[in-house]
Amino acid sequence: MGDSDKHSRLNKHEKRRKNTKLISILLIIGAILVIILLGVWIFGGSSDEGSDEQNEQSAETSEEEDDAEDDIIIEDDDPQNDASEEDAEDEKDEKDEEENEDEESNEEASEDEDDDVETEQVEPSDGNVSEAYTGDWEPVGTEQEGSHTTDYSDGSQDRIEIDQAAAAATELDESSMSTYWVGNDGDQKVVATVGNENEETYYRVFLSWIDNEGWQPTKVEELHELQY
């Protein structure tokens, strides 16, 4: 066998070995691509199915919420609810009526108390008095205890209670009554000049201090005009 034949045989064997190796590599690559494609198809399909299930669940939840809202609306239209609202309004109206009746009763009681005061006309003390009368007014009560010395200062407890007694005797509204002057009229006695809020009517009120009971009006004089 010559050297040329031997060399030719070796070349053929080497080519065959290279071709076999190339085919093996291609097969491996092809198998890897197939596995990748299968994985993408399987896992991608699962994700789509999961999304579809989530979408279906969301749609079902929305439908349930809509049904719940419809139920609420239906319940709001329930005649029983309307009846409950009417009952609540009736109870409120009854309560308001009772409060109004209580206020009227208190006003009537206050008027009755005023009517119970017996007054007697007396001679005016001077020419500025259009009418003078005494009465059996009760002391207005006091928060002061112990020995008493009249405090004429604005805002003092004596001034507060003197205003209360003057308002009770003249039947003026204490909250709008004006007090123009308060002075000494003797031992534990004072005289106060007061008027209504419109400055149309003026009174001179004489009061005496009763221990532990407060200031008691004793005489009222209605004045023609305000004099200091």
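From T20, atom OG1 reaches atom CD1 of I25 across 11.0 Å, with rounding to the nearest 0.5 Å. For the atom pair CG (L226) and CD (E200), the distance works out to 13.5 Å, reported to the nearest 0.5 Å. Interatomic distance, CZ of R159 versus OG1 of T150, reported as 11.5 Å (0.5 Å rounding). Atom OG1 of residue T134 and atom CD of residue E120 lie 5.0 Å apart, to the nearest 0.5 angstrom. Atoms CG and CG, from L207 and D158 in turn, are 11.0 Å apart once rounded to the nearest 0.5 Å. Rounding to the nearest 0.5 angstrom, the gap separating the CG atom in L37 from the CD1 atom in I42 is 11.0 Å.
In this structure, a donor-acceptor pair under 3.5 Å is present between the side chains of D163 and T179. Residues S153 and D151 have side chains that bring a donor and an acceptor to within less than 3.5 angstrom of each other.
Considering only residues two or more places apart in sequence or on other chains, S176 meets the side chain to side chain donor-acceptor pair (under 3.5 Å) condition with none of them. With sequence neighbours excluded, the residues that form a salt bridge (Lys or Arg N to Asp or Glu O under 4.0 Å) with D126 are R204. Legend: residues meeting ring pair (Phe, Tyr, Trp, His ring centres under 6.0 Å) with F206, ordered by chain and number and at least two apart, are absent. For T142, the side-chain contact (heavy atoms from CB on, under 4.5 Å) partners are Q144, E161, W209, not counting sequence neighbours. E199 is linked by a side-chain contact (heavy atoms from CB on, under 4.5 Å) to Y180, Y202, counting only residues two or more places apart in sequence or in another chain.
The shortest distance between side-chain heavy atoms of E143 and Q157 falls below 4.5 Å. Between E197 and S178 there is no side-chain heavy-atom pair separated by less than 4.5 Å. Contact annotation: the side chain of T119 approaches that of V117 to within less than 4.5 Å [non-hydrogen atoms, C-beta and beyond]. A heavy-atom distance below 4.5 Å is not found between the side chains of I162 and Y152. In this structure, the side chains of W181 and V191 come closer than 4.5 Å at one or more pairs of heavy atoms. Between E222 and V129 there is no side-chain heavy-atom pair separated by less than 4.5 Å.
Judged as a side chain to side chain donor-acceptor pair (under 3.5 Å), the pairs with a partner in residues 183-193 (not counting sequence neighbours) are, in order, H148-Q188.
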### Query
D173 and S175: side chain to side chain donor-acceptor pair (under 3.5 Å), yes or no, with the steps?
CA-CA 6 Å; D173 183 358; S175 63; 2.9 Å; yes
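Across E221 and S125, no two heavy atoms sit closer than the pair OE2-OG, 2.8 Å. A165 approaches P217 most closely through the heavy-atom pair O-CG, 3.4 Å. Summarising the geometry of S130 relative to H224, their closest heavy-atom pair is CB-CE1, 3.3 Å, with the distance given to 0.1 Å. Considering all non-hydrogen atoms of both residues, A169 and V220 come closest at CB-CG2, 3.8 Å.
In summary, of the residues considered (L172, V182, V190, V194), a side chain to side chain contact (heavy atoms under 4.5 Å, CB included) with V205 occurs for V194 alone.
Using modelled atom types, one side-chain atom of Q216 and one backbone atom of W137 make a donor-acceptor pair closer than 3.5 Å. Judged by distance alone, with hydrogens and angles left aside, the side-chain atoms of N128 form a donor-acceptor pair with the main-chain N or O of E225 at under 3.5 Å.
Within a 6.0 Å sphere centred on CD of Q121, heavy atoms belonging to other residues, nucleotides or ligands number more than 12.
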